[in-house]
Student: 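One structure, pasted below without further comment.
Start at 1 and go down the list; that is how both ligands and their atoms are numbered. What you see is a predicted model; the values in this text were computed from it and never measured.
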Amino acid sequence: MVDLKVESRGVKRSVLECVGHTPLVSLDRLFPEPGVQVMSKMELMNPGGSMKDRTARYMIQQGMREGKIRPGSHLIESSSGNLGIAVAMAARVLGLSFTCVVDPKTTATHIRILRRLGAGVEMVREPDKNGGYLDSRIRRVKELLHTIPDSFWINQYANENNWKAHYHGTAAEMADQLDRPVDVFFAAVSTTGSLLGCARRLREHFPSIRVVAVDAVGSVLFGGPPGKRELPGIGASRVPELFSPEEIDEVVHVDDREAARGCRELLEREGIFAGGSSGSVVAAIRKTLGKLPRPCRILTLFPDRGDRYLDLVYNDDWVDRLAAGQEEERTSIMGERV
Ligand SMILES: Cc1ncc(COP(=O)(O)O)c(C=O)c1O
């Protein structure tokens with residue numbers, strides 16, 4: 001019989017081969033200012049719904065190459081959602097088992113997708129000293145490593161293959177897609193892997209490029225005080241081992257409300273249905289645009305799609321609740337001053 005399971009031009013062998021090769025889109029309706037061009041890499045078009053497909057695939061493939069992940073290994077990772085979904089997708093293809101440690105900020109949709117993909121889901125409920133859950137999640141990961149045989153912690157916070165996925169993937173593609181130099185690169189940060197991998201590659205091609213991190217108000221990454229923030233995917237309550245602040249020229253902090261406004265603007269003007277951190281990037285570019293030189297070519301990433309945020313940035317009640325919370329905070333601060 002003819003073996004149909006052989007290489008065939010134009011046919012991928014698995015969904016993992018569909019990761020990457022995303023287009024760059026010019027946001028001319030959102031940023032019509034003369035002398036400005038903003039281009040975004042549509043990472044939301046990855047098959048698992050986010051740029052974390054690249055990170056997961058690369059970290060797992062390298063782990064297998066190095067013999068740290070073997071047939072029968074049980075993968076463990078802490079994730080606010082997207083990396084978890086990407087690892088779960090890869091684990092399905094590769095026949096591995098996977099447990100994802102999440103926290104109450106992970107959206108219900110993320111959790112349902114994780115379960116559908118066959119992942120075990122462990123929820124931590126105890127916030128850490130910075131009001132986030134990262135320390136609690138990592139503590140739980142370490143407990144699981146002791147109890148699950150042949151388990152392997154991918155550890156996106158310290159794994160060098162996190163940034164390398166973007167150095168060899170996302171940024172290599174962007175350098176190929178661009179026919180003229182870019183002046184500024186904006187990226188939302190959490191582990192900082194995507195920003196660092198892209199910055200390292202882009203600087204080889206465009207040595208004078210300015211690298212701007214977009215962080216959440218309330219994140220401790222750049223030394224600010226910890227605070228309440230609800231959007232997953234952006235910000236951190238613990239500084240990751242990968243963090244390398246000397247490679248970042250500037251940081252712009254964006255709060256959840258500004259991120260929601262950015263998402264909605266992006267949808268209205270460009271028809272792009274993106275997640276919270278894409279809205280944060282849009283808001284950060286808006287805040288910074290006035291002081292950037294002209295002409296100015298700006299590059300950014302849209303990390304994930306909007307579907308997983310229907311109960312957050314695309315929910316009017318959620319936005320109203322944030323507004324009410326901020327007003328309450330403002331009046332109590334004013335009250336203290338009187
Ligand atoms: C939607 C989204 N945006 C941005 C980021 C930040 O990426 P990184 O962890 O590479 O800093 C993440 C990370 O989880 C994410 O899920």
Student: More than 12 heavy atoms of other residues, nucleotides or ligands under 6.0 Å from CE of Met45: yes or no?
Tutor: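 Counting other residues, nucleotides and ligands, CE of Met45 stays at 12 neighbours or fewer.
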
Student: Indicate every side-chain donor-acceptor pair of residues 61-68 with a distance under 3.5 Å to a residue at least two apart or in another chain.
Tutor:
residue	atom	partner	partner atom	Å
Glu66	OE1	Lys68	NZ	2.9

Student: Would you call Glu258 and Arg261 a salt bridge, using N to O less than 4.0 angstrom?
Tutor: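 Judged by the 4.0 Å cut-off on N to carboxylate O distance, Glu258 and Arg261 do not form a salt bridge.
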
Student: For ligand 1, give me the residues whose heavy-atom distance to it is below 4.0 Å, by chain and number please.
Tutor: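 Protein residues near ligand 1 are Met51, Lys52, Asn82, Ala188, Val189, Ser190, Thr191, Thr192, Gly193, Ser194, Gly233, Ser277, Pro303, Asp304, Tyr309.
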
Student: Check whether Tyr167 forms a cation-pi arrangement with Arg201 (NZ or CZ under 6.0 Å from the six-membered ring centre, at most 45° off the ring normal).
Tutor: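 Judged by the rule, Arg201 and Tyr167 form a cation-pi pair.
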
Student: Keeping the roles fixed (side chain from Arg297, backbone from Arg180), state whether a donor-acceptor pair exists under 3.5 Å.
Tutor: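 Yes: the side chain of Arg297 pairs with the backbone of Arg180.
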
Student: For Arg137, is there any backbone N or O sitting under 3.5 Å from a side-chain donor or acceptor partner on Glu122?
Tutor: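 Pair absent, no side-chain N/O of Glu122 close to backbone of Arg137.
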
